[in-house]
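Just so we're clear, the structure is a prediction, and the values are computed from it rather than from any experiment. When a ligand or atom number is given, it counts from 1 through the structure's own listing order. For the single chain, residues carry numbers from 1 onward in sequence order.
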Amino acid sequence: MKKILVCGAGGFIGGHLVKRLKADGHWVRGVDLKQHEFSELPADEFVIGDLREQSVCREVLDRPFDEIYQLAADMGGAGYIFTGEQDADVMHNSATINLNVVHQAQKVGVHKIFYSSSACMYPEYNQLDPDNPKCAEDSAYPAAPDSEYGWEKLFSERLYLSYARNYGMQIRIGRFHNIFGEEGTWQGGREKSPAALCRKVAEAPDGGAIEVWGDGLQTRSFLYIDECLEAVRRLMDSNFAEPINIGSEEMVTINRLAETVMEVAGKSLSLKHIEGPLGVRGRNSDNNLIREKLGWEPTMPLIDGIRKTYQWISAQVERQHSQSADRSYGTA
Ligand code: NAD
Ligand code: GDC
């Protein structure tokens with residue numbers, strides 16, 4: 001049984017990770033700005049706190065945990081990170097969290113930290129062709145991410161790697177490629193495309209239309225949450241100390257993603273392409289390194305993960321509609 005701290009435990013990946021670590025028999029303290037929105041977490045302790053505050057970091061990082069998983073970040077999908085409107089907050093908030101956490105971890109003698117980086121740190125110039133994006137780990141430099149969110153991830157990767165070099169800490173860095181699943185943000189402006197399209201399809205009347213940002217020919221790959229957690233656990237148990245992609249190689253256009261959701265929902269809808277924040281033109285995980293170093297790669301087809309996610313999001317949509325119907329009935 002290990003003693004583990006999960007930072008960002010009230011979020012999507014952090015919440016699932018707490019459940020997984022508890023199922024594996026570990027003692028877990030979670031910390032986040034907020035309680036988890038969708039689940040009561042089985043964490044042994046859950047601290048509500050702001051990791052931008054050094055005093056909070058000292059409070060939650062008061063002992064030499066066996067492992068830390070640092071997932072806390074000011075983050076969201078294309079609608080949050082590619083408009084430019086949140087740039088200062090994203091950079092300041094996430095960098096401060098990482099500076100505080102790694103500093104305090106080193107002070108109390110934590111040796112092993114997982115840091116959640118993002119595919120957004122890869123250079124834009126390798127992601128202009130939607131059919132042939134290049135995201136091999138060694139293509140990161142010369143650096144040219146297309147968002148401040150990506151630059152912050154790159155900075156923090158280097159921060160953690162410098163603590164490994166100078167203080168002998170064991171750092172594991174996963175570069176996540178669009179992780180999706182149940183209990184992730186599905187409305188409000190921070191949701192990513194799988195959740196956004198599930199919500200739009202669930203809300204649309206059969207035969208209607210849903211809005212898609214851009215021409216829908218931009219490409220991405222999407223990794224289901226359980227596979228993400230499996231990769232993270234394997235990386236933590238390995239000796240591999242360089243950044244590594246954690247993603248799927250099943251690349252699809254956003255139009256194809258929308259069609260997959262409609263197929264799962266059994267709805268026939270048309271796509272209305274509108275202007276919106278787009279990000280890179282193409283992106284796909286390159287899994288050569290993870291196959292070589294961890295002897296593992298994800299196997300779940302996109303449609304299977306979308307089936308689970310759609311079921312959960314359509315239930316959220318239904319619940320919200322019946323709550324607002326109850327409210328308007330109450331005021332009538
Ligand atoms: P999320 O937004 O659901 O979770 C992040 C959590 O961090 C939130 O619960 C938030 O409240 C918390 N947080 C933010 N600021 C904080 C602060 N100052 N103090 C304490 N907690 C704070 O996002 P997620 O999808 O679970 O992502 C987890 C991590 O993985 C993030 O670092 C994100 O950048 C990274 N990542 C995620 C994806 C993805 O597709 N989900 C892809 C690439 C990288
Ligand atoms: O939001 P996202 O899934 O993030 O968007 C993928 C593509 O889908 C974008 O080109 C976006 O314009 C398009 N899209 C079309 N319609 C919609 O309704 C919609 N909502 C959303 N959200 N997108 C729509 C993500 C980051 C994450 C993370 C990962 C790492 O970028 O948002 O924070 O770091 O990358 O892979 P995406 O894939 O661009």
inquiry  = Within the 3.5 Å criterion, strictly below it, is a donor on S39 or E183 matched to an acceptor on the partner's side chain?
reply    = yes

query = Do any nitrogen or oxygen atoms of V212 lie less than 3.5 angstrom from nitrogen or oxygen atoms of ligand 2?
reply = no

message = Return the closest protein heavy atom for atom 9 (C) of ligand 2 as residue, atom name and distance.
response = L278 O, 3.2 Å

inquiry  = Can you classify the ring geometry of Y224 versus F180 as parallel (below 30°), tilted (30 to 60°) or perpendicular (above 60°)?
reply    = perpendicular

query = Is there a donor-acceptor pair under 3.5 Å between the side chain of D286 and the backbone N or O of N288?
reply = yes

key: Under 4.0 Å to a heavy atom of A78 - the qualifying atoms of ligand 2, by number   = 1 (O), 2 (P), 4 (O), 5 (O), 11 (C), 32 (O)

Close-contact set for ligand 2 against S118 heavy atoms, below 4.0 Å = 28 (C), 30 (C), 34 (O)

note = shortest atom 2 (P) of ligand 2-to-protein heavy-atom contact is with S193 N, 3.6 Å

key: Test: D237 and R234 ion pair at under 4.0 Å   = no

ask   = For ligand 2, which atoms, with element, lie under 4.0 Å from some heavy atom of F176?
value = 30 (C), 36 (O)

task = Verify the cluster assignment for M300 and I313: are they in a single hydrophobic cluster under the rule of side-chain heavy atoms below 4.5 Å apart?
result = no

ask   = To the nearest 0.1 Å, how far is atom 11 (C) of ligand 2 from its closest protein heavy atom, and which atom is that?
value = P277 O, 3.6 Å

message = Return the closest protein heavy atom for atom 16 (N) of ligand 2 as residue, atom name and distance.
response = W213 N, 3.1 Å

key: Atoms of ligand 2, numbered as shown, that sit under 4.0 Å from any heavy atom of Y149   = 28 (C), 33 (O), 34 (O)

remark   = Quick note on ligand 2: atoms under 4.0 Å from a heavy atom of H177 include exactly 36 (O)

key: N287 and S285: side chain donor to acceptor below 3.5 Å   = yes

Atom indices of ligand 2, in the order listed, that fall short of 4.0 Å to a heavy atom of M75 = 33 (O)

request  = Check whether any side-chain N or O of D146 sits under 3.5 Å from a backbone N or O of P123 as a donor-acceptor pair, and report yes or no.
outcome  = no

ask   = Are the side chain of H273 and the backbone of D215 linked by a donor-acceptor contact shorter than 3.5 Å?
value = yes

request  = Taking the side chain as every heavy atom from C-beta outward, state whether K3 and H26 have any pair of such atoms under 4.5 Å apart.
outcome  = no

query = At what distance is the nearest protein heavy atom to atom 37 (P) of ligand 2, and which residue and atom is it?
reply = R220 NE, 3.5 Å

query = What is the closest protein heavy atom to atom 22 (N) of ligand 2, and at what distance does it sit?
reply = E191 O, 3.1 Å

inquiry  = Quick one: does any side-chain atom of E67 pair with a main-chain N or O of F114 as donor and acceptor, under 3.5 Å?
reply    = no

inquiry  = Please report whether ligand 2 has a polar contact with I81, defined as an N or O pair separated by less than 3.5 Å (distance criterion only).
reply    = no

inquiry  = When you measure from the side chain of S116 to the backbone of Q70, do you find a donor-acceptor pair of N or O atoms at a distance under 3.5 Å?
reply    = yes

query = Hey, does the side chain of S221 reach the backbone of S248 with a donor-acceptor pair shorter than 3.5 angstrom?
reply = yes

inquiry  = Within the 4.5 Å heavy-atom criterion, are W213 and E275 side-chain neighbours or not?
reply    = no

task = Number the atoms of ligand 2 from 1 as they appear, then name those within less than 4.0 Å of a heavy atom of A196, with their elements.
result = 17 (C), 18 (O), 20 (N)

ask   = Do any nitrogen or oxygen atoms of Q218 lie less than 3.5 angstrom from nitrogen or oxygen atoms of ligand 2?
value = yes

query = Which heavy atom of the protein is the closest neighbour of atom 36 (O) of ligand 2, given with residue, atom name and distance?
reply = N178 N, 2.9 Å

ask   = Between K200 and ligand 2, is there a nitrogen or oxygen pair with a distance under 3.5 Å?
value = yes

query = Taking distance alone, with no angle check, do G76 and ligand 2 share an N/O pair under 3.5 Å?
reply = yes

P142 backbone acceptor or donor facing Y125 side chain under 3.5 Å = yes

key: Close residues, ligand 1: non-hydrogen atom nearer than 4.0 Å   = G8, G10, G11, F12, I13, D32, L33, K34, G49, D50, L51, R52, L71, A72, A73, M75, I97, S116, S117, S118, Y149, K153, F176, N178, I179, K192

key: Backbone N/O of S94 and side chain of N98: donor-acceptor pair under 3.5 Å   = yes

ask   = Among protein heavy atoms, which sits nearest to atom 7 (C) of ligand 2, and what does the distance come to when rounded to 0.1 Å?
value = I254 CD1, 3.7 Å

query = Would a 4.5 Å heavy-atom cut-off, applied to side chains only, mark W186 and F12 as touching?
reply = no

request  = Pull out every atom of ligand 2 sitting under 4.0 Å from any heavy atom of A119, numbered as shown with elements.
outcome  = 36 (O)

